[in-house]
Amino acid sequence: MPGTGPVPAKVMVIGEAPGEEENWVGQPFVGRSGEELNRLLASAGIDRSRAYLSNVIKHWPGPGNPTPNIKMVRACTPWLLREIEIVNPDIIITVGATAAKVLVATANLRKDHGVGRVVEVCGRERVLYPMYHPAEGMHAPKLLPVIRSDFLNIGTIARSPLVEIIDNLVL
Ligand code: URA
């Protein structure tokens, strides 16, 4: 399943894998975590319809949504990278550890969540925000305020031009 949204887009959101509902509808983030994601993006001043949403894994992994294994990630990554090239976002928001690690192998969400960094992805610098997955907040309610405040913080800089964003980042 490819992503959905405008092309090119200033903001691209990358999740882990479509769930069962997404599988039937044929679009990422249409289930419960999609609803939470919409609210989180709105709190950051990002209208979902203006962002391009996609996943690392391009198919539903099956009942129980098991965490994708390395073989699945390797098989799907070339498609994701091609999508990034075409969408050419200035800002990439990854939700969940799988997406963060595909772009930065050493990503550690506990340490890095919510902190924007300039990284080279697909041949140019982009601002990457590694975020916890909204579904993690639904399973571990103590994470919810952390996730919400991480998204609120993006809003303070996501509306500026990229140059300003880079200047404002803690590198
Ligand atoms: N739906 C998606 O499309 N991706 C996720 O990571 C979770 C739910």
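Nothing fancy with the numbering, it's 1 onward along the sequence. Everything numeric in this text was worked out from a predicted model, so none of it was measured. When a ligand or atom number is given, it counts from 1 through the structure's own listing order.
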Glu83 and Ser54: CA distance, side-chain angles, deciding distance, side chain to side chain donor-acceptor pair (under 3.5 Å) verdict: CA-CA 9 Å; Glu83 254 182 322; Ser54 195; 2.8 Å; yes
[Y] side chain reached by [X] side chain, heavy atoms, under 4.5 Å:
X	Y	answer
Val95	Glu16	no
Glu21	Arg32	no
Leu103	Val119	no
Val104	Pro130	no

Which residue and non-hydrogen atom of the protein lie closest to [atom], and at what distance in Å?
atom	result
atom 5 (C) of ligand 1	Ala17 O, 3.1 Å
atom 1 (N) of ligand 1	Glu22 OE2, 3.1 Å
atom 7 (C) of ligand 1	His133 NE2, 3.3 Å
atom 4 (N) of ligand 1	Asn55 OD1, 2.7 Å

List ligand 1 atoms under 4.0 Å from [X], heavy atoms only on the residue side.
X	result
Pro28	3 (O)
Gly15	6 (O)
Glu16	5 (C), 6 (O)
Ser33	7 (C), 8 (C)

contact_flag Glu21 ligand 1 heavy-atom lt 4.0 Å: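 No heavy atom of Glu21 comes that close to ligand 1.
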Asn55 (side chain) donor-acceptor with Lys58 (main chain) under 3.5 angstrom: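 Between the backbone of Lys58 and the side chain of Asn55 there is no qualifying donor-acceptor contact (under 3.5 Å).
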Same cluster (ILVMFWY, side-chain, under 4.5 Å), Met72 and Val102: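 Yes.
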Electrostatic pair Arg148:Glu36 at N-O distance under 4.0 angstrom: yes
N or O contact, Pro18 vs ligand 1, cut-off under 3.5 Å: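 No, Pro18 has no N/O under 3.5 Å of an N/O on ligand 1.
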Contact check: Phe29 vs ligand 1, nitrogen or oxygen atoms, below 3.5 angstrom: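 Yes; at least one N/O pair falls below 3.5 Å.
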